[in-house]
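Reading through the structure tokens given below for one structure.
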Amino acid sequence: MLKPDMKVRIGGLELRNPVMAASGTFGSGEEYKDITDLDRIGAIVTKSVTLKPREGNPPPRLVETPSGVLNAIGIQNDGIDAFIKDKLPFLGKIKAAVVVSIAGHSLEDYSTVASRLDREKKVDAIEVNISCPNVKGGMEFSRDPGLASGVTREVKRATRKPVIIKLSPNVGDIASIASAVEESGADAVSLVNTFAGMAVDIESCMPVLGNITGGLSGPAIRPIALRMVWETAKKVRIPVIGMGGIMGPEDALEFMIAGASAVQVGTANFVDPGIAVGIVDGIEKYMRRKKVKRIKEITGCLKI
Ligand SMILES: Cc1cc2nc3c(=O)[nH]c(=O)nc-3n(C[C@H](O)[C@H](O)[C@H](O)COP(=O)(O)O)c2cc1C
């Protein structure tokens with residue numbers, strides 16, 4: 001069999017394969033340059049960047065849970081100007097597509113950051129994080145279809161790059177939010193961000209996290225994330241990028257069969273920094289075994 005075709009299209013963006021590194025779990029890519037092959041991943045989504053630098057939340061910011069982690073980093077970053085000056089030059093040197101994740105507190109924040117990135121040739125697409133549970137007000141935009149649409153329209157007005165809206169699982173009907181952002185011009189949706197959670201230290205009777213609550217990720221959330229991706233993919237025509245607890249190629253394939261055009265790998269990068277490349281290889285092996293010529297044939301092939 002010839003080498004399977006693993007290319008996928010996300011709006012106007014073509015990826016060499018459907019495996020992306022998820023925002024906040026892969027730094028700005030450069031941190032991983034000596035421990036994995038950045039030319040073999042479909043795309044890197046960088047840590048969410050805001051207009052102004054942010055210090056993030058007080059420690060502790062990360063706690064292990066059975067089958068996952070709770071984090072409350074709080075979008076610590078140096079701001080868009082420093083990102084463009086210090087981080088983007090390296091990203092221009094790799095073959096993985098560069099998706100820059102942006103976050104903000106107001107429509108103006110989002111559109112200003114998006115318009116700065118619009119001028120940068122090295123940026124292939126923008127992922128709009130409207131779903132961070134660890135920042136005051138960080139989830140407001142993703143909980144209401146009207147507000148989610150508003151951000152989508154502002155960002156689309158500010159840039160010609162493909163726009164991916166990242167959705168929160170902390171809502172009643174995620175597919176209806178996806179539908180609203182599709183109508184407002186989103187080129188794709190990615191889901192899910194983390195699930196709001198908390199942990200308590202029973203000796204001190206205090207919350208474990210400095211922020212009191214955090215966001216749960218890892219294998220614990222996978223079946224719920226998968227169900228949300230399936231529901232969303234049935235409802236929208238734009239590509240759906242699935243994530244939540246993907247630890248290996250089988251997990252990635254589950255998301256694709258349920259309707260995802262591409263997948264993102266988050267918490268698993270902390271266990272094995274080479275996992276994204278391993279997932280690319282594993283999917284290719286599966287395609288050879290099943291005699292699947294094009295990865296597109298896998299997306300949404302769920303038999304019901
Ligand atoms: C430590 C940590 C930091 C994260 N930071 C961000 C972020 O800055 N922006 C964002 O959109 N998602 C962020 N996420 C969420 C992940 O991108 C992903 O949506 C989530 O963890 C679910 O995928 P996973 O179970 O594979 O980790 C973060 C996750 C973790 C664990």
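No hydrogens, no waters, no symmetry mates; every other heavy atom, side chains included, goes into these values. Numbering starts at 1 and runs along the sequence shown. Atoms within each ligand, like the ligands themselves, are counted from 1 in listed order.
- The list of ring-ring contact (aromatic ring centres under 6.0 Å, His included) pairs with a residue in residues 258-304, not counting sequence neighbours, is empty.
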Can you give the donor-acceptor pairs under 3.5 Å from side chains of residues 234-261 to other protein atoms, not counting sequence neighbours?
| from | atom 1 | to | atom 2 | distance (Å) |
| --- | --- | --- | --- | --- |
| Asp251 | OD2 | Arg222 | NH1 | 3.0 |
| Asp251 | OD2 | Met247 | N | 2.8 |
| Asp251 | OD2 | Gly248 | N | 3.4 |

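- Residue pairs meeting the ring-ring contact (aromatic ring centres under 6.0 Å, His included) criterion with at least one partner in residues 10-68, sequence neighbours excluded, are Phe26-Tyr32.
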Exercise answer, ligand 1 polar atom pairs (N/O) under 3.5 angstrom:
| from | atom 1 | to | atom 2 | distance (Å) |
| --- | --- | --- | --- | --- |
| ligand 1 | 5 (N) | Lys47 | NZ | 3.2 |
| ligand 1 | 8 (O) | Lys47 | NZ | 2.9 |
| ligand 1 | 8 (O) | Ser48 | N | 3.4 |
| ligand 1 | 8 (O) | Ser48 | OG | 3.3 |
| ligand 1 | 9 (N) | Ser23 | OG | 3.0 |
| ligand 1 | 9 (N) | Ser48 | OG | 2.7 |
| ligand 1 | 9 (N) | Asn129 | ND2 | 3.2 |
| ligand 1 | 11 (O) | Asn129 | ND2 | 3.2 |
| ligand 1 | 11 (O) | Lys166 | NZ | 3.1 |
| ligand 1 | 12 (N) | Lys166 | NZ | 3.0 |
| ligand 1 | 14 (N) | Ser23 | O | 3.2 |
| ligand 1 | 17 (O) | Ser23 | O | 2.7 |
| ligand 1 | 17 (O) | Lys166 | NZ | 2.8 |
| ligand 1 | 19 (O) | Lys166 | NZ | 2.9 |
| ligand 1 | 19 (O) | Val192 | O | 3.0 |
| ligand 1 | 25 (O) | Gly218 | N | 2.8 |
| ligand 1 | 25 (O) | Gly245 | N | 2.7 |
| ligand 1 | 26 (O) | Gly245 | N | 3.4 |
| ligand 1 | 26 (O) | Gly266 | N | 3.1 |
| ligand 1 | 27 (O) | Thr267 | N | 2.7 |
| ligand 1 | 27 (O) | Thr267 | OG1 | 2.6 |

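- In summary, of the residues considered (Arg160, Lys156, Lys161, Arg157), a salt bridge (charged side-chain N to carboxylate O under 4.0 Å, His left out) with Asp118 occurs for Arg160 alone.
- Note on Glu14 versus Lys7: no salt bridge recorded, every NZ/NE/NH1/NH2 to OD/OE distance being 4.0 Å or above.
- Salt-bridge annotation for Arg116 and Asp81: present, with a side-chain N of the basic residue lying under 4.0 Å from a carboxylate O of the acidic one.
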